[in-house]
Every structure is written in structure tokens, then in C-alpha cells.
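Here is the structure we will look at, set down as C-alpha cells.
For ligands, and for the atoms within them, numbers begin at 1 and follow the listed sequence. Quick note: numbers below take in every heavy atom, side chains included, and nothing from hydrogens, waters or symmetry partners.
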Amino acid sequence: MEIDGSTTIVGVIGYPIAHSLSPRMHNAAIQTWGINWCYLPFQVTPESLEKAIEGMRGFGIRGLNVTVPHKQAVMRFLDWVSPEASAIGAVNTILNEEGRLSGYNTDVEGILAALRFGAGLENLPEKVVVVGAGGAARGIVYALTTVTDVKHITILNRTIWKAERLAAEMEKMAKEKTEIAGKELDGETVRDELREAGPGGCETAHGAGLVINATPVGMYPDVDCSPIEDPSAFHPRLVVYDTIYNPEETRLMRLARSRGARSLNGLNMLVYQGAKSLEIWTGRKAPVDVMREAVMS
Ligand SMILES: NC(=O)c1ccc[n+]([C@@H]2O[C@H](COP(=O)([O-])OP(=O)(O)OC[C@H]3O[C@@H](n4cnc5c(N)ncnc54)[C@H](OP(=O)(O)O)[C@@H]3O)[C@@H](O)[C@H]2O)c1
């Protein structure tokens with residue numbers, strides 16, 4: 001990669017940012033294409049967010065990914081926000097077209113592609129349990145409401161009012177008819193929500209076919225924790241998707257696997273959301289396999 005006067009800059013802003021895998025992933029794609037682009041990490045404190053966004057216009061930075069803690073706060077500095085990103089209340093991708101900044105949320109595409117292509121779930125189950133009610137959960141619940149197969153979503157969260165609020169908000173805006181409940185993340189509720197599916201393998205209104213962890217519980221360095229600790233909650237017809245990708249196998253995934261459930265980590269979600277961002281900036285189909293290999297190496 002040779003940087004010169006006509007290099008196009010893209011990158012990611014967050015605080016902290018040193019741990020981000022995005023530069024490696026995006027630069028691998030850029031190198032494969034052989035284009036004169038470069039993807040850089042920018043550490044931006046909450047106090048300097050507005051200046052950073054002005055800087056994006058000033059420096060003519062073509063695109064930025066936005067990560068914790070700026071996904072919500074950045075919205076007010078943009079000229080346009082996609083309907084999807086407004087519904088979720090968070091932007092993770094900014095496109096700069098001659099100083100006009102547009103905000104998108106590619107986590108929706110990320111989770112759906114990870115489930116379809118990464119996990120091979122052609123059809124999603126009728127009932128899905130999402131653990132967590134923060135920023136990632138918002139995008140995931142919104143994404144699930146766009147899938148016709150999904151009829152019931154339960155949001156389980158440590159702080160129950162956040163689960164209830166998110167459920168009410170998302171149910172109101174769901175285009176497809178989706179029933180969404182918010183409940184507390186406790187042992188009994190978990191067992192009840194994950195109860196084994198009905199006869200013939202079809203999920204009943206009661207038994208979830210898919211559980212998605214959207215909390216940081218179990219993420220490095222706290223690898224001995226899991227948001228669901230009781231292995232008896234899992235069963236062989238369940239798919240467990242952990243949005244965490246470090247470690248490669250979380251305690252949650254291990255517990256689920258010990259009871260015969262299929263479990264996957266969040267690497268594909270990261271890759272597919274990144275691929276979509278790159279497509280927004282370049283207008284080209286992103287090399288997903290190259291990007292996946294780059295973050296796995
Ligand atoms: N794979 C990907 O591409 C991708 C993308 C985005 C996010 N993620 C993952 O998603 C995680 C959450 O991100 P976020 O932006 O949603 O964070 P966030 O907005 O801070 O939300 C964190 C959520 O986790 C819950 N939580 C935190 N600590 C907990 C604990 N000790 N026990 C039980 N619940 C706990 C919080 O519950 P309370 O409401 O009770 O505080 C909240 O619901 C990240 O850490 C990352 O691993 C992955």
C-alpha cells in the first residue's frame with residue numbers, strides 16, 4: 001500500500017479504538033482490489049466528536065465507521081440518516097459525498113447475513129431470544145422484525161425496564177407482525193423462554209429456536225462469564241449466536257454445545273457489517289472471504 005497525494009481515506013472512530021480489527025479487515029479488501037485507498041483508526045473522545053466530524057468534511061475523508069461510544073451521539077452532526085438507522089437510533093457508517101454526510105446502520109445487514117450465510121439458517125425460527133437491550137440489541141431486534149419467519153422475540157436484560165422499553169418501541173415500529181416481550185434476565189425466565197421446541201422440530205410459541213447474545217458478558221478478558229449459566233436451559237434444536245468474537249469460543253457457546261446446541265461466534269457479523277460499509281463507500285461488492293480471513297489470522 002503506497003500512500004500519495006490522491007489516496008482516499010476511510011476509517012473508524014471510537015474510544016478506545018486500539019483493539020479494533022476493522023483496519024486489518026478493510027485494508028485487506030482494499031489491497032485485494034489494488035485501489036489507492038487506506039483505512040485508518042481514529043481515537044476520538046466524546047468531547048471531540050463534533051470536531052472529528054467537522055474534520056471528516058474538512059479533510060475529505062470518504063467514509064467512517066462509528067463504534068462505541070459514538071453510535072448515537074454522532075447522528076446529530078449528520079446531514080441525512082437512513083430510515084433504518086433512525087429506527088434503530090444508531091449510526092455505524094458515515095458516507096461523505098462532497099461534504100454532505102449520510103448515516104447508515106450496517107449492523108442490520110451484518111446480523112442477518114451472519115445468520116443466513118454464516119450460520120446457514122435459510123429460514124429463521126418463529127421465536128428468537130435476544131439477550132441484552134443496549135445498542136447492539138437494538139440493531140438485532142430491528143433486523144429480526146424485518147424477517148417474516150420471526151413471529152415472537154423476547155428481549156432478556158439485566159435491567160428489566162430497558163428490555164420492556166426496547167420491546168415496546170420495536171413492536172410499535174415493526175412492519176411485519178412481530179410480538180416482542182421484554183423480560184428480566186434470570187435463570188427461571190431463561191429456562192422458560194428456551195424451553196424445547198414442539199414435536200416435529202417446529203418451534204412453538206414458547207420454545208425459542210435461536211438465542212442471540214448481545215451483551216459483552218464473556219468477552220475477553222472476562223472469559224469465564226456467561227449471560228446464561230445454566231446448561232440445562234439449552235437443547236439440541238437450539239442455535240446460539242454470540243455476537244462476541246474474542247474469544248473464538250465463549251463460555252456461553254461452550255455451555256450450549258455441551259447440551260447439543262449449535263453455537264457460533266460474532267465474527268461473521270463483524271465481517272458482513274464491514275463488507276456492507278465498504279460497499280456503501282466504494283459502490284463495489286466487498287470480498288467477504290478476504291475480510292474474514294484477515295480478521296481470523
Ligand atoms: N459481532 C459484531 O459485529 C458486534 C457488533 C456490535 C456489538 N457486538 C457485541 O455486543 C456487545 C454489546 O454491545 P452494545 O453496543 O450493545 O453495548 P451496550 O449498549 O453498552 O449494552 C450492553 C448490554 O449488555 C448488558 N450487560 C452488560 N454487562 C452485563 C452483565 N455483567 N450482566 C448482564 N448484562 C450485562 C447491559 O445490560 P444493562 O441494561 O442491565 O446494563 C446491556 O443490555 C459488545 O460488547 C460486543 O461484544 C458485536
Side-chain angles (χ1 to χ4, degrees), residues 12 14-17 19-22 24-26 46 65-74 85 88-93 104-115 117-119 129-143 154-167 169-170 182-187 189-190 211-230 240-253 263-278 288 291-292 294-296:
V12 56
Y15 186 78
I17 201 63
H19 66 285
S20 176
L21 293 177
S22 294
R24 200 198 295 177
M25 179 169 78
H26 285 273
N65 281 131
V66 183
T67 186
V68 179
H70 303 313
K71 286 185 180 185
Q72 282 94 33
V74 81
I88 296 164
V91 157
N92 79 334
T93 302
Y104 299 87
N105 192 309
T106 67
D107 283 338
V108 173
E109 177 107 353
I111 185 69
L112 292 180
L115 293 173
F117 311 127
V129 168
V130 176
V131 184
R138 286 187 76 84
I140 289 168
V141 173
Y142 177 86
T154 301
I155 302 165
L156 298 179
N157 196 48
R158 176 178 62 177
T159 311
I160 185 170
W161 67 262
K162 289 191 193 165
E164 289 171 342
R165 191 181 61 182
L166 180 59
E169 217 180 295
M170 289 290 160
K183 299 184 181 178
E184 191 172 350
L185 176 63
D186 63 46
T189 314
V190 167
V211 180
I212 303 175
N213 174 36
T215 76
V217 183
M219 190 163 74
Y220 179 84
D222 299 316
V223 295
D224 293 329
C225 308
S226 166
I228 300 174
E229 281 289 356
D230 177 4
V240 175
Y241 191 90
D242 199 332
T243 62
I244 295 172
Y245 46 83
N246 182 12
E248 213 173 295
E249 185 177 60
T250 61
R251 178 170 164 78
L252 171 70
M253 291 167 64
S263 57
L264 301 120
N265 70 24
L267 198 90
N268 269 314
M269 180 177 170
L270 174 79
V271 170
Y272 283 111
Q273 63 78 30
K276 181 69 187 173
S277 299
L278 203 52
V288 172
M291 296 172 82
R292 187 183 298 109
V295 288
M296 282 173 79

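- Heavy-atom contacts of M219 reach the following atoms of ligand 1: 45 (O), 47 (O) (cutoff under 4.0 Å).
- Put simply, CE on M269 and CG on D107 are 4.5 Å apart, with the number rounded to the nearest 0.5 Å.
- Residue R158 holds its CZ atom at 14.0 Å from CG of D186, rounded to the nearest 0.5 Å.
- G135 N, 4.5 Å is the protein heavy atom nearest to atom 17 (O) of ligand 1.
- Of all the listed residues (G266, S22, A136, A214), A136 holds the heavy atom that lies closest to atom 14 (P) of ligand 1.
- Listed here is the closest heavy atom pair of N213 and V217: ND2-O, 3.8 Å.
- Residue contact check: I244 has heavy atoms under 4.0 Å from atoms 47 (O) of ligand 1.
- Heavy-atom minimum distance, G118 versus L264: O-CD2, 4.3 Å.
- The shortest separation from a heavy atom of P227 to ligand 1 is not under 4.0 Å, leaving the residue out of contact.
- Taking every non-hydrogen atom of Y245 and a distance limit under 4.0 Å, the qualifying atoms of ligand 1 come out as 1 (N).
- Residue contacts with ligand 1, taken as heavy atom pairs separated by less than 4.0 Å, involve N157 solely via side-chain atoms from C-beta onward.
- Protein heavy atom nearest atom 32 (N) of ligand 1, with residue, atom name and distance: V217 CG2, 3.5 Å.
- Within 4.0 Å of atom 8 (N) of ligand 1, at least one protein heavy atom is present.
- The closest protein non-hydrogen atom to atom 10 (O) of ligand 1 is T243 OG1, 3.3 Å.
- R24 and A294 make their closest contact through CD-O, 2.9 Å (heavy atoms, listed as atom of the first residue, atom of the second, distance).
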Can you check side-chain hydrogen bond (donor to acceptor under 3.5 Å, both in side chains) on S277 and N65, steps first, answer last?
CA-CA 7 Å; S277 299; N65 281 131; 3.0 Å; yes
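- A pairwise comparison of heavy atoms in Y245 and L267 identifies CB-N, 3.6 Å as the closest pair.
- In this structure, the protein non-hydrogen atom closest to atom 21 (O) of ligand 1 is G134 CA, 3.4 Å.
- Residue P227 is tested with N157, V190, L252 for a side chain to side chain contact (heavy atoms under 4.5 Å, CB included); the sole match is L252.
- Polar contact with ligand 1: present for L270 (N/O pair, distance under 3.5 Å).
- Closest heavy-atom contact between M291 and L278: CE-CD2, 4.1 Å.
- Heavy atoms of M269 found under 4.0 angstrom from ligand 1 belong to the backbone as well as the side chain.
- Interface atoms of ligand 1 facing G132, defined by a heavy-atom separation under 4.0 Å, are 43 (O).
- Of the protein's non-hydrogen atoms, the one nearest atom 38 (P) of ligand 1 is T159 OG1, 3.4 Å.
- Residue contacts with ligand 1 do not include G110, since none of its heavy atoms lies under 4.0 Å from the ligand.
- Looking at Q72, R158, K71 and measuring to atom 41 (O) of ligand 1, the nearest heavy atom belongs to R158.
- A donor-acceptor pair under 3.5 Å links the side-chain atoms of S226 to the main chain of I228, judged by distance alone.
- For C225, no heavy-atom contact with ligand 1 is shorter than 4.0 Å.
- Although no hydrogens or angles enter the test, the distance criterion places no donor-acceptor pair under 3.5 Å between the side chain of Y104 and the main chain of N92.
- Within ligand 1, counting atoms from 1 as listed, the ones closer than 4.0 Å to a heavy atom of A133 are 43 (O).
- In this structure, CD1 on I88 lies 9.5 Å from NZ on K71, to the nearest 0.5 angstrom.
- P216 CB, 3.2 Å is the protein heavy atom nearest to atom 45 (O) of ligand 1.
- Residues T215 and I244 share a closest heavy-atom pair of O-CD1, 3.6 Å.
- When each atom of ligand 1 is checked for a heavy atom of K162 under 4.0 Å away, the hits are 39 (O), 41 (O).
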